[in-house]
Amino acid sequence: MKALRTLAVTLALLASAPVAQAQVVDLSKTTCKEFLESGKDGIMIIWAWLYGYYADQDADPVVDFAKLTAQGTKLAEACKAAPTKDIISIAETIYESK
């Protein structure tokens, strides 16, 4: 009986605990509109990820915040002009230009 009660309490606690869900974002399928609607944190995470993704593989581990912000601002402006395009096709023109 005690084991059954322990099991019931455990199940109740597990059921009431918030479920942590990992979020996976495929940027090649994410539209500019979705990117712009992802909120300040989402936009900043994507800006930083793109900055690192398009960096030279042999580059020093340095983050130039002015460059990150400038490229991100260009991305946001380009996305506003083409909300249905995917973010990667827009990003390639911005981040690959040296």
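- In this structure, the side chains of Q71 and W47 stay at 4.5 Å or more apart for every pair of heavy atoms.
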inquiry  = Please determine whether side-chain contact (heavy atoms from CB on, under 4.5 Å) holds for the pair Y53 and L27, giving the CA-CA distance in whole Å, both sets of side-chain angles, and the decisive distance to 0.1 Å.
reply    = CA-CA 12 Å; Y53 181 76; L27 294 180; over 6 Å; no
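- Judged purely by atom type and a 3.5 angstrom limit, D26 uses its side chain to pair as donor or acceptor with the backbone of S28.
- In this view, V63 and Y51, F65, L68 satisfy the side chain to side chain contact (heavy atoms under 4.5 Å, CB included) rule, not counting sequence neighbours.
- Taking CD1 of I90 as the start and OG1 of T30 as the end, the distance is 13.0 Å to the nearest 0.5 Å.
- For C32 against A82, the heavy-atom pair with the smallest separation is CB-O, 3.5 Å.
- By the side chain to side chain contact (heavy atoms under 4.5 Å, CB included) test, D60 pairs with V62, sequence neighbours left out.
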If you look only at distance, which donor and acceptor atoms sit under 3.5 Å apart when one is on a side chain in residues 36-45 and the other is two or more places apart or in another chain?
| from | atom 1 | to | atom 2 | distance (Å) |
| --- | --- | --- | --- | --- |
| E37 | OE2 | K33 | NZ | 2.9 |
| S38 | OG | F35 | O | 2.7 |
| S38 | OG | I43 | N | 3.4 |

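- The distance from atom CD1 of I87 to atom CD of E92, rounded to the nearest 0.5 Å, is 11.5 Å.
- The CG atom of L50 sits 9.0 Å away from the CD1 atom of I94 when rounded to the nearest 0.5 Å.
- Taking CD of E96 as the reference point, atom OH of Y54 lies at 5.5 Å (rounded to 0.5 Å).
- Distance NZ/K29 to CD1/I88: 12.5 Å, rounded to 0.5 Å.
- Residue pairs meeting the side-chain hydrogen bond (donor to acceptor under 3.5 Å, both in side chains) criterion with at least one member in residues 72-86, sequence neighbours excluded: D86-S89.
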